[in-house]
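Throughout, numbering of the chain's residues begins at 1 and tracks the sequence. What you are looking at is a predicted structure, and each value in this text was computed from that prediction instead of being measured. Order of appearance sets the numbers: ligands from 1, and atoms from 1 within every ligand.
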Amino acid sequence: MATSVLHPAIFFDRDGTLIEDRGFLHTPEEVFFYEDAFLSLRTLKDHFLLFIVTNQPGIGRGILRPEEVESVNQYVVQRLALEGITISGVYFCPHTREQRCVCIKPNPYFLLKAAEEFGVDLSRSFVVGDHPHDVETARNVGAKGIYLLTGHGEKHLDELNPNAYVAKNLKEAIAYILKQDVLPSREVHEAAEIIRKGGVVAFPTETVYGLGADAFNPLGVARIFEIKQRPFFDPLIVHVAHLRALDQLVKSVPSIALCLIEKFWPGPLTLVLPKREEVPEIVTAGLPNVAVRMPKHPLARSLIEQSGCPMAAPSANPFGYVSPTTAEHVRDQLGDQVDLILDGGPCEVGVESTIVSFVEKAPTLLRPGGVPLEEIESLIGKVEVRLGEEKVSAPGMLPKHYAPRTPILIHWSKESLKVYQNKKIGFLAFQKAGNGLQRFDHVEVLSRQGDLREAAANLFSAIRRLDALGLDLILAESVPEIGLGRAIMDRLRRASHTLPQ
Ligand code: TXA
Ligand code: MG
């Protein structure tokens, strides 16, 4: 049986992307390629089928003749061929908007036609253009739209979906495309469609796995609470892929917050800022503020871009349990309840984002996390620390928030352990396992080198492994409270119990 191989493709809007937009072009003499066009396309030609799509309403309006458009197109294709670049096909739309064009805007007709004629895998394909409809057209078929600031790009920027990727020029777009190609984008496409329809998807971030829904769809968000069995008074973090999306969510960003954004986004830092009215109450638990972060993980970013909506997402664990750092963890606990789980491997950071609030008199740390407090303070000066308050702004900081089923102790004495004499005890060690550990039924070491970053990355998996062994008690060694050690100790304290009196 013949197998058909599907190819990834890139569709370029002709004017404003490959060649300068100089109005209606009648002859090849009027064609001026952008400086970076040849080099950019040459780096792509071995990986993608290349197409040109162009909107020529001048024909519909009687200003241009189809032959003129053909001759310009032909010239563009031949000139590229001289540079060793093959264009597989050129599609042009002769209609004006009034003629109810069915070719491109935002109808993906050309893309579907190319997919059929050339065996294009649209989910691994891109549309590059300087008009918001290029991005929408791409989205409609599960391809990825890339918006350029060349041509009319600057002019129409405010009509663009703020979650779309924007590139300064072709060169930047191509660098981005080459990075994206490694992603399993068929799955991301499916996930994005689920999100757009109000569904719930578990996805990887660099900190922990999140359970996401469209932040502007209260019903989708409600399902997150239902799945997690999370009380409605505990607000969610909203994830964005691009800075422009902040405008949809917050009223203002103080300059010191911007300073942190510049340095730590994308990355494990969440900022609490005054929310815009449009952000649904269910997301913020009725608070006038919203927590926002821009994750670094390429799958998270790709999912947000592709779905076109900011993503409300708590960690993907049942309420009160440790956060998941692998897709497996999510599958084990929430598997059949979520619509899809995107697997991006183990999370690099392993503990949740650092949360800093900018709605108090002074910047306030609400949760230590992936960005060390020291690094934040070195940029913006002293930050107030307010952890573990239950009623105010971070109800997620409930004392028992990260508790496994097995009791964990971080403080103990020989005396206090007497009741556990004949019981099964596990040990969560920070560094190398030392003497005297034979007494334990199982030992987990967070980082043999004593590296706090490595320890943080391993923390939740290690707790889960210990928790699965049916032990009676887990003893956890303290780590130095510097850098990521602060987040580790915070989670251990929340997970820990006091001994029964
Ligand atoms: O790294 C992370 O932050 C992960 C990944 C998935 O991004 N997310 C995460 O979300 O840890 P969650 O829901 O498990 O924890 C969010 C914390 C909660 O403690 C919540 O109370 C607090 O953020 N929070 C959310 N919105 C807030 C707001 N408007 N004001 C104050 N705290 C807020
Ligand atoms: Mg959580």
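With ligand atoms numbered from 1 in the order given, ligand 1 contributes 17 (C), 22 (C), 23 (O) to contacts under 4.0 Å with heavy atoms of Ile355. Interface of Thr207 with ligand 1, defined as ligand atoms under 4.0 Å from a residue heavy atom, comprises 1 (O), 2 (C), 4 (C), 5 (C). Applying the 4.0 Å criterion to heavy atoms of Ala291 picks out, from ligand 1, the atoms 25 (C), 26 (N), 27 (C), 29 (N). For ligand 1, the atoms sitting less than 4.0 Å from at least one non-hydrogen atom of Val272 are 30 (N), 31 (C), numbered in the order shown with element in parentheses. Close approach of ligand 1 to Asn289 (heavy-atom distance below 4.0 Å) involves ligand atoms 29 (N). Every atom of ligand 1 with a heavy atom of Leu287 under 4.0 Å away is listed here by number and element: 28 (C), 29 (N), 30 (N). Here is the list of ligand 1 atoms found below 4.0 Å of a heavy atom in His239: 5 (C), 6 (C), 7 (O).
No side-chain donor-acceptor contact under 3.5 Å links Ser315 and Glu352. Side-chain polar atoms of Arg453 and Ser447 form no donor-acceptor pair below 3.5 angstrom. In this structure, a donor-acceptor pair under 3.5 Å is absent between the side chains of Thr150 and Asn169.
Relative orientation of the His242 and Tyr165 rings is tilted, given thresholds of 30° and 60° on the angle between their planes. Ring pair His131/His156 is tilted by interplanar angle, where 30° to 60° counts as tilted.
For the side-chain hydrogen bond (donor to acceptor under 3.5 Å, both in side chains) test, residues two or more places apart in sequence or in another chain that qualify with Thr205 are Thr207, Arg293.
Of the heavy atoms in Arg367, only side-chain atoms (C-beta onward) come closer than 4.0 Å to ligand 1. When heavy-atom distances to ligand 1 are checked against a 4.0 Å cut-off, Thr284 has no atom that comes that close, whether in backbone or side chain. Contacts with ligand 1 closer than 4.0 Å are made by side-chain heavy atoms of Leu366 only, the backbone lying farther away.
Salt bridge annotation for Arg493-Glu481: present, with a cationic side-chain nitrogen under 4.0 angstrom from a carboxylate oxygen. A salt bridge links Arg386 with Glu360: the closest approach of a Lys/Arg side-chain nitrogen to an acidic carboxylate oxygen falls below 4.0 angstrom. For Asp234 and Lys228, the salt-bridge test fails: no basic side-chain N is under 4.0 Å from an acidic carboxylate O.
Residue contacts with ligand 1 include Arg230, since one of its heavy atoms falls under 4.0 Å from the ligand.
Note: no N/O pair closer than 3.5 Å links Thr205 and ligand 1 by distance alone.
In summary, no N, O or S atom of Asn317 is located under 2.8 Å from the Mg ion (ligand 2).
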